[in-house]
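Letters A, B, ... mirror the listed sequences (proteins, then strands); counts begin at 1.
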Number of protein chains: 2
Amino acid sequence: MTKQEKAAQILSDPRNQQEEIKALQDTIYVIGGKWKLPIINSLCNGNRRFRDIERSIPGITTRMLSRELKEMEANQLLKRTVTPNSPVLVEYTVTDYCQSFGDIILEMIKWGKKHREKIRTV
Amino acid sequence: MTKQEKAAQILSDPRNQQEEIKALQDTIYVIGGKWKLPIINSLCNGNRRFRDIERSIPGITTRMLSRELKEMEANQLLKRTVTPNSPVLVEYTVTDYCQSFGDIILEMIKWGKKHREKIRTV
DNA sequence: CATTTTGGTATACTCTATGATACTGGTAAC
DNA sequence: GTTACCAGTATCATAGAGTATACCAAAATG
C-alpha cells in the first residue's frame with residue numbers, strides 16, 4: 001500500500017465502519033442462534049401459548065423453547081403473561097421493541113425461498 | 001380451544017406458515033453463526049483482501065476467517081480471485097446472490113445502534 | 001539483513017449451544 | 001380411572017463452533 005492509499009483509507013472514516021460492525025455484532029448476539037428468530041416469527045403469526053409455539057416450529061424441543069423464551073423475556077424482547085384461571089393460562093407476546101425484527105425476518109424468509117429455488121434448479 | 005377456534009386455525013393456512021418458517025430456518029442455517037454476516041458486511045464495505053477483512057472485524061481469528069471464507073465460497077456467497085502477479089494477489093468479492101443480504105445487514109446495524117442507546121439510557 | 005506483511009495451515013484445546021429423554025403436578029376429557 | 005393436554009424442569013450427552021498459538025514461504029520495507 002502506498003502512502004497515498006494509506007491516507008485515503010484513513011480519510012474514509014474507519015471509525016464509523018467499526019461502529020457499524022460492532023452494532024451488527026450486538027444484534028447477532030441478541031437474536032443469534034437457531035431459534036430466536038423463528039420464535040419471534042411464530043409469535044408475530046399469532047401464536048401465544050407454549051405448546052402452540054412449540055408445534056409451530058419444526059425441530060424445536062421444549063427445553064430449547066423454554067430457555068429461549070426466558071432469555072428473550074429477560075432481554076425485553078417479549079412479555080409473559082399469566083392469567084390464573086382454573087387452568088392457568090400463560091401467554092407470550094412480542095414487545096414493540098421486538099416488532100422491529102419483522103422486516104428482517106421477512107427479508108430472510110424471502111431469501112430462504114429464493115435459495116431453495118436455486119438449490120432445486122441447479 | 002373450541003371447535004370454532006380449531007376450524008379458524010385450520011383455515012388460516014398453516015401450510016404456508018410452515019413453509020415460511022422453514023425458509024427462515026434455511027436462511028439462518030446459511031448465514032448463521034458469529035461471523036458470516038460481519039464478513040459479508042466487510043466485503044460490501046470494500047474490503048477485498050484477507051488481512052483487510054481480518055482487521056476490519058474485531059475479534060475474528062485467521063482460522064475462523066479462513067474457514068468461513070471457504071464455506072461461503074462453497075455456498076456461492078462469494079468469489080475468490082487469484083491474480084498471479086509477483087506478489088500473488090488474492091481477492092474476495094460478494095456475489096450478486098449475496099448482495100441481497102445488504103438490506104438485512106443494514107436493518108440489523110440499525111437495530112444494534114438503537115439497542116445500544118436503549119441499554120445506555122436505562 | 002532484520003523485520004514486517006501477505007495468505008493462509010496445523011495442532012490442540014475449550015466450552016456452549018443444542019439434542020434426547022424422562023418426568024412432574026394440575027386439569028380436563030372419555 | 002385412565003388417558004391426554006398444559007407449561008414447563010431435570011439430567012445427561014455430544015458435535016462442532018470458536019479460541020489460542022505457532023508456523024510457513026515469498027516479497028516488501030526500512
Requested in this report: Name all pairs fulfilling the salt bridge (charged side-chain N to carboxylate O under 4.0 Å, His left out) condition that reach into residues 81-96 of chain B, sequence neighbours left out, sorted by first residue then second.
Outcome: B:R48-B:E91
Report summary line: Separation of D:dC6 atom P from A:N47 atom CG, nearest Å, is 13 Å
Report task. Could you please name the option among C:dG8, D:dG18, C:dT6 that lies closest to any side-chain atom of B:K34? Result -> D:dG18
Requested in this report: Figure out the CG/P separation between B:L65 and D:dG18, and round it to whole Å.
Outcome: 13 Å
Requested in this report: Find the distance B:E91:CD to C:dT6:C1' and express it as a whole number of Å.
Outcome: 13 Å
Query - Sub-4.5 Å side-chain heavy-atom contact between A:E20 and A:N16 - result: yes
Query raised in the report: When the distance from CG of B:L69 to P of D:dG18 is rounded to whole Å, what number comes out?
Result: 14 Å
Query raised in the report: Within this structure, what is the CD1-to-P distance between A:I39 and D:dG8, rounded to whole angstrom?
Result: 13 Å
Query raised in the report: Looking at residues at least two apart in the chain, or sitting in another chain, which of them share a side-chain contact (heavy atoms from CB on, under 4.5 Å) with B:P84?
Result: none
Would you tabulate the side-chain donor-acceptor contacts of residues 67-83 of chain B under 3.5 Å, counting partners in other chains and residues two or more places apart, or write 'none'?
from	atom 1	to	atom 2	distance (Å)
B:R80	NE	B:Y92	OH	3.2

Report task. May I ask you to evaluate whether A:R49 reaches the phosphate of D:dG8, defined as a side-chain N or O under 4.0 Å from OP1 or OP2? Result -> no
Query raised in the report: Under the ring-ring contact (aromatic ring centres under 6.0 Å, His included) rule, what pairs show up with a residue in residues 37-81 of chain A, not counting sequence neighbours?
Result: none
Query raised in the report: Looking at side-chain heavy atoms only, is the closest gap between B:T61 and B:L65 below 4.5 Å?
Result: no
Show me the donor-acceptor pairs, under 3.5 Å and distance only, between side chains in residues 98-122 of chain B and residues at least two apart or in other chains.
from	atom 1	to	atom 2	distance (Å)
B:S100	OG	A:W111	NE1	3.1
B:S100	OG	B:Y97	O	2.7
B:E107	OE2	B:K110	NZ	3.4
B:W111	NE1	A:S100	OG	3.1
B:H115	ND1	A:Y97	OH	2.2
B:R116	NE	A:D26	OD2	3.3
B:R116	NH2	A:D26	OD2	2.6
B:E117	OE1	B:R120	NH2	3.2
B:E117	OE2	B:R120	NH2	3.3
B:T121	OG1	B:E117	O	3.1
B:T121	OG1	B:K118	O	3.2

Requested in this report: Before giving the answer on side chain to side chain contact (heavy atoms under 4.5 Å, CB included), spell out for B:V90 and B:R49 the whole-Å C-alpha distance, their side-chain angles and the decisive distance to 0.1 Å.
Outcome: CA-CA 6 Å; B:V90 182; B:R49 307 181 56 175; over 6 Å; no
Query raised in the report: Between C:dA17 atom P and A:I28 atom CD1, what is the distance in whole Å?
Result: 15 Å
**Report entry** Shortest side-chain distance from A:M64, nucleotide among D:dG18, C:dT18, C:dG8
**Finding:** C:dT18
Show each protein N/O and nucleotides 24-30 of chain C N/O combination with a separation under 3.5 Å, one pair to a line.
from	atom 1	to	atom 2	distance (Å)
C:dA28	OP1	A:S86	OG	3.3

Query raised in the report: Once you round it to whole Å, what is the distance between C1' of C:dT18 and CD1 of A:I57?
Result: 15 Å
Query raised in the report: Does A:Y29 place a side-chain N or O at less than 4.0 Å from the phosphate oxygens OP1/OP2 of C:dA17?
Result: no
Report summary line: When rounded to whole Å, the CD to C1' distance for the pair A:E54 and C:dG19 reads 14 Å
Which atom pairs link the protein and nucleotides 9-16 of chain D when you take only N or O atoms and keep those under 3.5 Å?
from	atom 1	to	atom 2	distance (Å)
D:dT9	OP1	A:K70	NZ	2.9
D:dT9	OP2	A:S66	OG	2.7
D:dT9	OP2	A:K70	NZ	3.4
D:dT9	O4	A:T62	OG1	3.2
D:dT11	O4	A:R63	NE	3.0

For residues 28-44 of chain B, run the donor-acceptor check on the side chains, cut-off 3.5 Å, and write out each pair with its distance to 0.1 Å, sequence neighbours left out.
from	atom 1	to	atom 2	distance (Å)
B:S42	OG	B:N47	ND2	3.0
B:S42	OG	B:S56	OG	2.7

